Each structure stands twice: as structure tokens, then as C-alpha cells.
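These figures come from a predicted structure and were not determined experimentally. Reminder, nothing fancy here: chain letters follow the sequence lines and each chain counts from 1. All values below were derived from every heavy atom in this structure, side-chain atoms included, with hydrogens, water molecules and symmetry-related copies excluded.
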Amino acid sequence: MQEGKKRAQNEANAPAAAEAAPAQDENKIIAERRAKLAKLREEGFSYPNDFARDQMAEKLDAAYGELAADELESRQVKATIAGRLMLKRVMGKASFGVVQDHTGRIQIYVSDDQTGKDQHAAYKHWDIGDIIGASGVLFKTRTGELTLRVTALRLLSKSLRPLPEKWHGLTDVEQRYRQRHIDLLMNEHSRWTFAVRSRVVQGLRDFMATTNYLEVETPMLQPIPGGATARPFRTHHNALDMDLYLRIAPELYLKRLVVGGIEKVYEINRNFRNEGISTKHNPEFTMMEVYCAYTNFTYMMSLVEVLIRHAAQSALGTTSVTYQGRTLDFGKPFARISMSEAIRKYAPEYWSNAQLHDRHFLAGKLTEHGVEFDAGAGWGALHLMLFETLVEKNLVEPTFIVDFPAEVSPLSRRYDRNPEVAERFELFIDGKEIANGFSELNDPEDQAARFREQARLKDAGDQEAMYYDDDYVRALEYGLPPTSGAGIGIDRLVMLFTDSPSIRDVIYFPHMRPES
RNA sequence: GGGUCGUUAGCUCAGCUGGUAGAGCAGCGGACUUUUAAUCCGUUGGUCGGGAGUUCGAAUCUCCCACGACCUACCA
């Protein structure tokens, strides 16, 4: 790090850097720009950092964009701006340019009689992509565009690599994901998408703060990866000489905090799952998990509903969004339906409640649909599989599915009236699971039994089954208050809010294989 | 994992049934003092993703590999 820093500084200061060995992918355009940089260095250019701007493009437009030309002229508004040169139009003794900062764009007008011939001549040789600063007075062109009549301008940072074409921009999805910096420069929609993402997270945090939840951070490196059924990433701690896992969920740690008296707690952070990659799955993804003592899953369902509604409103200013051509309304109450009812609703024929609880019946129907399952799978696993096969894709509008089989919900409290079913819900939108929550299992002896069953499945070859977590059971033995909790998939929520078809569109740097 | 499609200049794309690789933008040189994807004249730029094969001759046909997209199966 230190070494690298020193080297970078030397390069920046040394004119000899222009002779440095060029990278493999250098072409003529880059060579020409390096030559320009070398010449600029001879003239004293040193990547200056003492330029102070006093205006942003968007603010200037908001303040003066509507003003009449002569009114603007009479006010003689001075401004100093800085940003990246995105367009350049040279016309002899005068030139135009478009400078982009993080708020937007503003046009500049550079001419011999305003800056002097030399400065204008220098500008003509700057490149699209260069970062510049400019001072001047605002005016309106003949066509009414707000423009800065430049009296002084400086090159602040030289761009050696050409930007994509001004009209089509960068459209190649692979390059947009691999070189997100270019995507962000070129594509307004990409900038908007990530701005929405930030506002969603901010909106969630604001809401939680006003309802007195405490935000915490729990371990990403865990000796026993718990809280979900998923394959973990493994890593190694050298000093301790022990294997650790990247967390698949923060759940068990957050509930330890509830045992410790933090009764309203949440975390927004990354989870890591060593599983497939798809338009809906990235190996690391962002999850919000929340727990509230002295409530049950019905409270948590309502909280999730309100949170999502609030996130939409604060990030987008509306609760109605269009996703891939379909309208989703987060403003009206989310539907609530039990898993059994949902299966019956979407089943091709009438199935009785008894049939839906008959393992052999379910196994037969799954086979009819060509679904493979483990011979040892119980009623609950088959019931869930049938739900996933028949129902999930149909749940377009926000819908809570409640009453999951306890067998597939090893951390959920059972119903008193039916111990085969858990007080658990999942929220589906556009066929995707967006949230998952339940009344937490706070009976340490039941939890121990469930872990034993998971350990048995793991021994039998189920790589996603949970580990027995002795330390967690011991925490429960001190007494976990009746508690409900939920997890919300932030990436997927942002996909819905931004009409993004792929999770890679809402993650700055999605995982990609290395370029060969 | 399986299937389909794609990869040509810095970017966006043409390139037919095999016959010396093209355009626009960007770049470079020139003209132009209110342009708007500025315009006009001239011009540079390519290991056609990589490798092997068929052929007198391959961007083009065949095979293998890499990367990506979409569909499909699974975890959120």
C-alpha cells in the first residue's frame, strides 16, 4: 500500500512517466493522449488540486434556466464550475463544450475574445473525457440554452482513454458491468438506478430510526454459518489457524442481541451464498434483517409492508411502479393467503385439505410435474415444493404467503393449534421472494431438536442444511423474549423500484468471471 | 448444470451462397465567433474473442476453448 502510493506519486510528478511501458491494450488514440500529457507536463501541468468550484450544474439550471436572456445578461451572474468534458464543438475563434458534474450538465462557451487566443487554443486540444474547471458569466444562447461564457479555464485531470461514442454511449452489458465507472459516466439511467438504491436504504434507515430500532453490525466472519439454509463460502484465519465462513445470514447473532436486551434491532448488510449466479442471484447480496421483541409474525408482516411502502415513497415519490410492463401497487394492502390456500387456488383441479397434507398425494403430483425430490423428504418439504412449482410465478402483486410447514422452517415457532405448521410468512412480488419472516422459535429445547434434524439432513448429504449451533442454543437457554423477525432482500426490492430486469443492474460491481 | 444466440476499429454497428476488412462517431490536419449528435474538406486507425481444421484462398464453413446475454433448473 505504502509502496504503491509512493510509486503513484512519483509517476504523477515525473515527466518521464510518459515513457513508462504502455499497457497491452494501448492504441493510437491513447498514445496521442499520452503525448499531449507529456507536452502539458513540460508546460507545468501537474494534476492540480487547488481549483475550487462554487456552483453545480443542476443548481445553476434550477436558478437561471428559466430566466429570459436579457434579464440574465443584466444580472451578470458569475459562476465557477468543474467536471468532465463530455462534448466539444470547435468553430474557429469560438467553441462550445458540455461539462458534466454529479448533478448534471452545463454548456460552456469559450472564445478568443473572452479567454485570449492561447487559452482557447489550449482548450481546442483538450479531449472529451478531460476534467476541467471553468469560470465565467452565465448567458443564454440564441436557442435559449443556459451557458457559461468562460473567462478562465483550467485542465484539472487528463483523460488518457477515449470515452464511448457520444450518441450511443456504452450499451454492451458486459462492459457496463465490468467497467461500471464508464457506465455511470455515460448512462443517466444507470446513475438514477443507483441513486434510487441509496434512497431506498436511506428511507429504510430513516423509518427504523423514527420507530426506535437500533442499527447494529454483526459478524461477517462466522465459525458456524447459520440463520439460513444455503451453502457458505469458506475462508481461513491465519493467526487463529481456524476455518471461518462468510455469513449466509446475520439472524442468529441478531437474536443473541435480543436475548441481550436489545429489543428492537436491525442490520442492513451483505450476505454471501456459494450458489448459482443468475439474474436474481449474486454471490453477495444485501439484506435487511429486523427483530422486535414482544411481537409475533403478524406484527412483522405489517412492519415489512409499511417499510416497503415507505421505501417506495421516499425513493421514488410514489407507491406505484411499473416493472417489466406490469404495474405493481405498493400503496394498497398486500394480499395475505396461506400456503395451502394458495396451492389450492392455482392447482389445476380441486384438491382437498387432507390431500394437501398427504405425503403420498403430494409426491405423486410433484412427479406428474416432473419435479425431482429426495426420497427422504417429508410432507413439509413436498408441500413447499408443490407451492414453488404451482404458485410462486403467479404472485405478481405484493402477496404474503403465510403458514409454512415447520419442517422447512427450522428457526420458526410452531402454531399451538398445529405443530406441523410454523408462524412464518414470505412476501412475493413479481414471482420473486422479497422478504421472509416469522415468529422466532424461542423454545431452546425445540430449537435443539430442530438443529439435530438439520444436522441429520446434513449428514445425509444435504449441503444446504444447517449446522448444529450449540452456542446459539445456549443463548436461547437464557431466555429469548417472544420475538418476531424478518429479512428483506434489498437488491430485489431495488430491481422492482428501478424496473431492472437483472440483479446485476442494481449492484455496482456484480460478480463476473475474469476476462480471459 | 442444460439449451439458444452473440463476440469485427476506442464506441455503435454493416460485412450476402468463402475471393485483398467497411460506415458513423471519436482521433489527427484544415475552414468556420451562438453550436446542440454542429457543419464542410482531407486523413490515421484492425492478431475480425483465442486455438485447431477444411480449402488454392476463411471475419464467413467445421471442431475445441474463453467470455457474455437470453431461456431453463436451484438457493434470496
Side-chain angles (χ1 to χ4, degrees), chain A residues 24-33 35-36 69 86-98 105 107-114 117 120 124-125 127-129 139-145 147 149 159-179 182 186 227-232 248-249 270-289 370-373 385 388-389 392 426-429 432-436 462-464 487-493 495 501-504 510 512-516:
Chain A
Q24 290 295 322
D25 62 338
E26 300 251 314
N27 60 26
K28 191 175 175 183
I29 294 175
I30 295 172
E32 282 166 357
R33 291 195 179 192
K36 285 183 186 178
M86 299 303 287
L87 285 172
K88 202 175 75 161
R89 294 184 283 271
V90 175
M91 304 171 307
K93 296 186 182 63
S95 301
F96 285 91
V98 173
R105 294 179 166 202
Q107 181 167 261
I108 59 170
Y109 175 77
V110 186
S111 65
D112 282 1
D113 55 14
Q114 294 291 321
K117 228 174 167 158
H120 183 215
K124 288 181 189 175
H125 287 97
D127 291 298
I128 288 172
F139 77 108
K140 285 260 177 110
T141 62
R142 275 180 202 153
T143 49
E145 179 161 352
T147 303
R149 184 187 292 117
S159 170
L160 295 176
R161 291 178 179 270
L163 289 181
E165 199 218 327
K166 60 190 170 192
W167 187 242
H168 297 94
L170 187 71
T171 60
D172 183 279
V173 287
E174 184 174 352
Q175 292 310 314
R176 287 184 47 228
Y177 298 151
R178 286 190 196 277
Q179 306 210 64
I182 306 178
M186 301 304 297
T229 50
R231 295 182 65 180
I248 55 175
R270 232 73 63 79
N271 291 341
F272 305 86
R273 299 191 184 174
N274 203 343
E275 293 170 344
I277 295 177
S278 77
T279 49
K280 282 186 258 179
H281 301 87
N282 196 59
E284 52 181 299
F285 63 101
T286 301
M287 186 100 141
M288 172 174 179
E289 279 206 14
V371 181
E372 291 176 21
F373 52 88
M385 286 171 97
E388 287 168 348
T389 305
E392 256 187 35
E426 283 192 357
L427 174 63
F428 290 88
I429 305 173
K432 289 190 268 285
E433 184 187 338
I434 299 296
N436 176 20
D462 184 349
Q463 291 180 300
E464 291 177 2
I488 302 173
I490 301 300
D491 313 271
R492 288 185 177 179
L493 197 59
M495 284 171 69
S502 169
I503 198 168
R504 288 182 281 264
M512 304 283 277
R513 284 193 172 85
E515 290 174 278
S516 55

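Side-chain N/O atoms of A/Arg89 and base N/O atoms of B/rU35 include a donor-acceptor pair closer than 3.5 Å. One can find a donor-acceptor pair under 3.5 Å joining the base of B/rU33 and the side-chain atoms of A/Tyr109. Checked by distance alone, A/Thr171 brings no side-chain donor or acceptor within 3.5 Å of a matching partner on the base of B/rU12. At a cut-off of 3.5 angstrom, counting only N and O atoms as typed in the model, there is a donor on one side and an acceptor on the other between the side-chain of A/Gln107 and the base of B/rU35. One cannot find a donor-acceptor pair under 3.5 Å joining the base of B/rU12 and the side-chain atoms of A/Asp172. No hydrogens or angles were tested; on distance alone, nothing pairs the side chain of A/Glu165 with the base of B/rG10 as donor and acceptor under 3.5 Å.
Distance from the side chain of A/Lys28 is smallest for B/rG45 among the nucleotides B/rG45, B/rA37, B/rA76. Candidate nucleotides B/rA38, B/rG68, B/rC11 were compared by shortest atom distance to the side chain of A/Leu170, and B/rC11 ranks first. With B/rC32, B/rA76, B/rG10 as the choices, the nucleotide that has an atom nearest any side-chain atom of A/Val90 turns out to be B/rC32. Comparing B/rU12, B/rG27, B/rA76 against the side chain of A/Ile128 picks out B/rG27 as the nearest. Closest to the side chain of A/Ser278, from the set B/rC74, B/rG27, B/rU33, is B/rC74. Across B/rU34, B/rG68, B/rG10, the shortest atom-to-atom separation from the side chain of A/Arg142 is found for B/rU34. Nearest nucleotide to the side chain of A/Lys166, out of B/rC11, B/rU35, B/rA26: B/rA26. Across B/rG68, B/rG27, B/rA76, the shortest atom-to-atom separation from the side chain of A/Val173 is found for B/rG68. Checked against B/rC28, B/rU33, B/rA38, the side chain of A/Lys36 finds its nearest nucleotide in B/rC28.
One finds no side-chain N or O of A/Arg492 lying less than 4.0 angstrom from the OP1 or OP2 phosphate oxygen of B/rA76.
Using a distance-only test at 3.5 Å, with no hydrogens or angles considered, no donor-acceptor pair links the side chain of A/Lys93 to the main chain of A/Lys117.
Looking at heavy-atom distances under 4.0 Å, A/Asp462 makes no contact with the nucleic acid at all.
The aromatic ring of A/Phe96 is not stacked on the base of B/rA38, since the criterion of ring centres less than 5.5 Å apart with planes inclined by under 30° is not met.
Across all strands shown, B/rC48 forms no Watson-Crick or G-U wobble pair with both key distances under 3.5 Å.
On the C1' atoms, B/rG50 is 16 Å away from B/rG6, given to the nearest whole Å.
In this structure the side chain of A/Gln107 reaches within 4.5 angstrom of the side chain of A/Arg89, judged on heavy atoms. When side chains are defined from C-beta on, A/Ser159 does not count as touching A/Asp127, because their heavy atoms never get closer than 4.5 Å.
Residue-to-nucleotide proximity on RNA chain B shows that, of A/Arg504 and A/Ile434, the 5′-proximal contact is made by A/Arg504. Both A/Ala230 and A/Arg513 sit near RNA chain B, but only A/Arg513 has its closest nucleotide nearer the 5' end.
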